[in-house]
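Structure first, then comments.
These numbers come from a predicted model, not from an experiment. The chain is numbered in sequence order, starting from 1.
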Amino acid sequence: FTSTVKFFNDEKGFGFINHEEESLFMHRTDILEGGLPGDGDTVTYDLGMDERNGKPKAQNVVVVGGGTGKGKGGGFGGGRRGKRLRKPDSDLALRLFRRAHLCRFV
């Protein structure tokens, strides 16, 4: 099938495709190539069934032209991977440590 993306939430990783005058669920894990889609992007896909709830969903999704999604939220569990975490302020760490230990003995 070929259609357009009705809505896609980059942060949550799911959206809907305009499929035969109805909305068809699409999850980011079912996208094979083309990056994250944006609203109105053209996609090709197969019709499948969601194993958890038995409802129809899009599978083997290919975003034609690479997609216009922003990819917020890291996707696929990426999140902070590859980013260096800032070391905490030593005074703040010491205060938090003391506060945590004082609360135990009160």
Is there a side-chain contact between T44 and V64, using heavy atoms and a 4.5 Å cut-off?
yes
Side chain to side chain donor-acceptor pair (under 3.5 Å) involving S23 - partner list, sequence neighbours excluded:
K6
Sequence neighbours excluded, which residues qualify as side chain to side chain donor-acceptor pair (under 3.5 Å) partners of D46?
N60
Looking only at heavy atoms, the pair that brings V63 and P37 closest together is CG2-CB, 4.0 Å
According to the interplanar angle, ranging from 0 to 90°, do the rings of H19 and F1 count as parallel (below 30°), tilted (30 to 60°) or perpendicular (above 60°)?
perpendicular
For L47 versus P56, what's the shortest heavy-atom pair and its separation?
CD1-CB, 4.2 Å
Enumerate the residue pairs fulfilling salt bridge (Lys or Arg N to Asp or Glu O under 4.0 Å) with a member in residues 55-66, sequence neighbours excluded, ordered by first and then second residue.
D30-K57
Consider only side-chain N and O atoms of S3 and N18, and report whether a donor and an acceptor are under 3.5 Å apart.
no
Nearest 0.5 angstrom please: R28 CZ to E11 CD, how far?
9.5 Å
Between Y45 and L24, is there a side-chain heavy-atom distance shorter than 4.5 Å?
yes
Evaluate the ring planes of F14 and F7, with Trp represented by its six-membered ring, and classify them as parallel (under 30°), tilted (30 to 60°) or perpendicular (over 60°).
perpendicular
CZ of F8 to CD1 of I31, rounded to nearest 0.5 Å, is 4.5 Å
Take M26 and V5, measure what side-chain contact (heavy atoms from CB on, under 4.5 Å) needs, and give me the verdict at the end.
CA-CA 9 Å; M26 167 181 56; V5 175; 4.2 Å; yes
What heavy-atom pair brings A58 and I17 nearest, and what distance separates the two atoms?
CB-CD1, 3.6 Å
